[in-house]
Amino acid sequence: MAENGRKEKIKWTTTIIISSSLKSCEVATALENQSHKIRYSDSVENGSIIFSLSGLAFLLMDAKECFISAEEIFLAKIEKFINIHRKSFLVLSAALHGSEEWKLMFRIQQRFLGSNLRILPVHNTVNAINLMCTIAKTASKPYTDSICYRMITTEAYIIEQSPVWKTLQKLKLSSDSLNLN
């Protein structure tokens with residue numbers, strides 16, 4: 001702990017597999033600058049970023065490029081991506097998410113309804129990196145264990161401090177006798 005009583009921030013780093021097509025991209029450079037272990041691969045889908053320890057995959061797409069290309073082409077790319085990756089995210093980038101961009105997201109959502117695809121609208125590189133790293137960090141093993149422990153501790157504290165629970169204890173009733181399970 002720091003002298004001022006606050007917890008010191010531990011820098012989170014992980015191994016990231018990035019499509020070779022993104023090698024000169026601003027996103028790849030920014031992730032390298034955050035001291036992550038970066039591996040480039042030709043065997044992953046173009047535009048994809050995979051956080052291997054978290055088991056998450058992100059597909060970067062620019063909304064402008066989707067408008068230019070045929071709908072079948074980018075939908076086929078997304079479908080191939082979600083068929084390979086169980087926990088998949090589409091990072092859809094646009095400077096401004098106007099009505100056309102929202103219509104595009106709606107069409108993608110309709111097409112992949114019920115699949116494991118989640119769509120993240122982003123405005124810039126910093127926004128994309130922050131979202132991807134935050135999601136990957138919270139999905140990584142040490143952090144999920146920590147989150148679960150904190151949730152269990154909080155739940156126990158709330159139950160202990162609950163006026164309803166105290167009233168039930170005074171009336172000598174328990175959750176077992178009420179058949180709340």
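Basis for what follows: all heavy atoms, side chains included, without hydrogens, waters or symmetry-related copies.
Closest of all the heavy-atom pairs between Ala28 and Lys23 is CB-O, 4.2 Å. Among all heavy-atom pairs drawn from Ala139 and Leu56, the shortest one is CB-CD1, 3.8 Å.
In this structure, the separation between CD1 on Ile18 and SG on Cys25 is 8.5 Å, given to the nearest 0.5 Å.
Residue pairs satisfying the salt bridge (Lys or Arg N to Asp or Glu O under 4.0 Å) criterion with at least one member in residues 109-134, sequence neighbours excluded, are listed as follows: Glu79-Arg111. Contacts classified as salt bridge (Lys or Arg N to Asp or Glu O under 4.0 Å) and involving residues 56-78 (residues at least two apart or in different chains) are given here: Glu71-Arg107. Here salt bridge (Lys or Arg N to Asp or Glu O under 4.0 Å) pairs that include residues 34-60, with residues two or more places apart or in two chains, are Glu45-Lys80.
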Solution key, residues 120-128 side-chain donor-acceptor pairs under 3.5 Å, sequence neighbours excluded:
residue: His123; atom: ND1; partner: Ala94; partner atom: O; Å: 3.3
residue: His123; atom: ND1; partner: Ala95; partner atom: O; Å: 3.2
residue: Asn124; atom: OD1; partner: Val126; partner atom: N; Å: 3.3
residue: Asn124; atom: OD1; partner: Asn127; partner atom: N; Å: 2.7
residue: Thr125; atom: OG1; partner: Glu26; partner atom: OE1; Å: 3.4
residue: Asn127; atom: OD1; partner: His123; partner atom: N; Å: 3.2

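Looking at residues two or more places apart in sequence or on another chain, you find no side chain to side chain donor-acceptor pair (under 3.5 Å) involving Thr138. With sequence neighbours left out, Ser21 forms a side chain to side chain donor-acceptor pair (under 3.5 Å) with Ser19. With sequence neighbours excluded, no residue satisfies side chain to side chain donor-acceptor pair (under 3.5 Å) with Ser24. The side chain to side chain donor-acceptor pair (under 3.5 Å) test applied to Gln109 returns no partner, not counting sequence neighbours. With sequence neighbours excluded, the residues that form a ring-ring contact (aromatic ring centres under 6.0 Å, His included) with Phe58 are Phe51, Phe89.
A donor-acceptor pair under 3.5 Å links the side-chain atoms of Asn116 to the main chain of Arg86, judged by distance alone. Judged by distance alone, the side chain of His36 and the main-chain N or O of Leu31 form no donor-acceptor pair under 3.5 Å.
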Query raised in the report: Which is it for Asn46 and Leu22 under the side-chain contact (heavy atoms from CB on, under 4.5 Å) test, yes or no, and what are the steps along the way?
Result: CA-CA 8 Å; Asn46 285 345; Leu22 297 174; over 6 Å; no

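For Gln110, the CD atom is densely surrounded, since the number of other residues' heavy atoms within 6.0 Å is greater than 12.
Through direct or indirect side-chain contacts shorter than 4.5 Å among Ile, Leu, Val, Met, Phe, Trp and Tyr, Leu90 is connected to Leu59, Met61, Phe67, Phe74, Leu75, Ile78, Phe81, Ile82, Leu92, Trp102, Leu104, Met105, Ile108, Phe112, Leu117, Ile119. Through side-chain heavy atoms spaced under 4.5 Å, either directly or across other Ile, Leu, Val, Met, Phe, Trp or Tyr residues, Leu96 is tied to no other residue. The hydrophobic cluster around Ile50 extends to Ile17, Val44, counting ILVMFWY residues whose side-chain heavy atoms fall within less than 4.5 Å of a member.
A 4.5 Å side-chain heavy-atom check between Leu131 and Val91 finds every atom pair outside the cut-off. No side-chain heavy atom of Ile16 sits less than 4.5 Å from a side-chain heavy atom of Met132.
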